Amino acid sequence: MTAANLSFTWVPGTMDRVRFTREGRTYTVYLRDVVRQDVQSDSALYLKGRVVLPVSAAHLGELMGRLCLTDVRSEPRRSAVPGEAARADRDP
């Protein structure tokens with residue numbers, strides 16, 4: 001896993017959780033678990049609702065692993081049958 005710049009946004013309805021997308025999946029983590037460079041990082045998140053932070057490979061692994069609250073596919077589910085809507089209870 002390589003270091004990356006991640007774009008963190010608020011999880012709607014929360015003040016302590018943020019999310020980011022990596023490799024087609026959206027991860028939710030606690031804001032307290034994200035290593036931030038300085039107070040400007042927090043200011044951008046609170047004022048703009050989004051902040052881009054450099055994340056080391058080790059920290060990215062933690063955010064995608066043990067610190068992850070949820071991990072969902074970013075792309076919508078697709079039906080295997082053309083013209084049929086996908087159902088939530090089906091595996092992709």
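Numbering of residues begins at 1 and proceeds along the displayed sequence. From a predicted model like this one, the values you see are computed outputs, not experimental measurements.
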Visitor: For residues V29 and V18, determine if any side-chain heavy atom of one lies less than 4.5 Å from a side-chain heavy atom of the other.
Guide: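 SC-SC contact between V29 and V18 confirmed.
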
Visitor: Find out whether T26 and T70 are in side-chain contact, i.e. whether some heavy atom of one side chain is under 4.5 Å from a heavy atom of the other.
Guide: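 They are not in contact (no side-chain heavy atoms under 4.5 Å apart), so the answer is no.
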
Visitor: Is a donor on one side and an acceptor on the other found under 3.5 Å between the side chain of R25 and the backbone of F20?
Guide: no

Visitor: For V51 and R36, run side chain to side chain contact (heavy atoms under 4.5 Å, CB included): C-alpha distance rounded to whole Å, both residues' side-chain angles, the deciding distance at 0.1 Å, then the answer.
Guide: CA-CA 10 Å; V51 66; R36 297 180 303 282; over 6 Å; no

Visitor: Might you point out which heavy atoms bring D16 and W10 nearest each other, and give the distance in Å?
Guide: N-CZ3, 4.2 Å

Visitor: Find the distance between CD (E23) and OG1 (T21) and round it off to the nearest 0.5 Å.
Guide: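 It is 11.5 Å, given to the nearest 0.5 Å.
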
Visitor: Rounded to the nearest 0.5 Å, how far apart are CG of D42 and CG of L31?
Guide: 6.0 Å

Visitor: Any side-chain heavy atom of L53 sitting closer than 4.5 Å to one from N5?
Guide: no

Visitor: Donor-acceptor pair, H59 side chain versus V34 backbone, under 3.5 Å?
Guide: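 The answer is no, because no donor-acceptor pair under 3.5 Å joins these two groups.
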
Visitor: List the atom of L63, the atom of D33, and the distance in Å for their closest heavy-atom pair.
Guide: CD2-O, 4.0 Å

Visitor: Could you give all pairs that pass the salt bridge (Lys or Arg N to Asp or Glu O under 4.0 Å) test and reach residues 55-70, with sequence neighbours left out?
Guide: E62-R66

Visitor: Among all residues two or more places apart in sequence or in another chain, which pass the side-chain contact (heavy atoms from CB on, under 4.5 Å) test with A4?
Guide: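 Residues passing side-chain contact (heavy atoms from CB on, under 4.5 Å) with A4: L6, R22, L60.
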
Visitor: Can you list the steps and then say if Y30 with L69 is a side chain to side chain contact (heavy atoms under 4.5 Å, CB included)?
Guide: CA-CA 8 Å; Y30 284 116; L69 299 172; 3.4 Å; yes

Visitor: Considering non-hydrogen atoms only, spot the tightest contact between R50 and V52 and give its length.
Guide: NH2-CG2, 3.6 Å

Visitor: Examine M15 and L47 and state if one hydrophobic cluster contains both, with Ile, Leu, Val, Met, Phe, Trp and Tyr joined whenever side-chain heavy atoms are less than 4.5 Å apart.
Guide: no

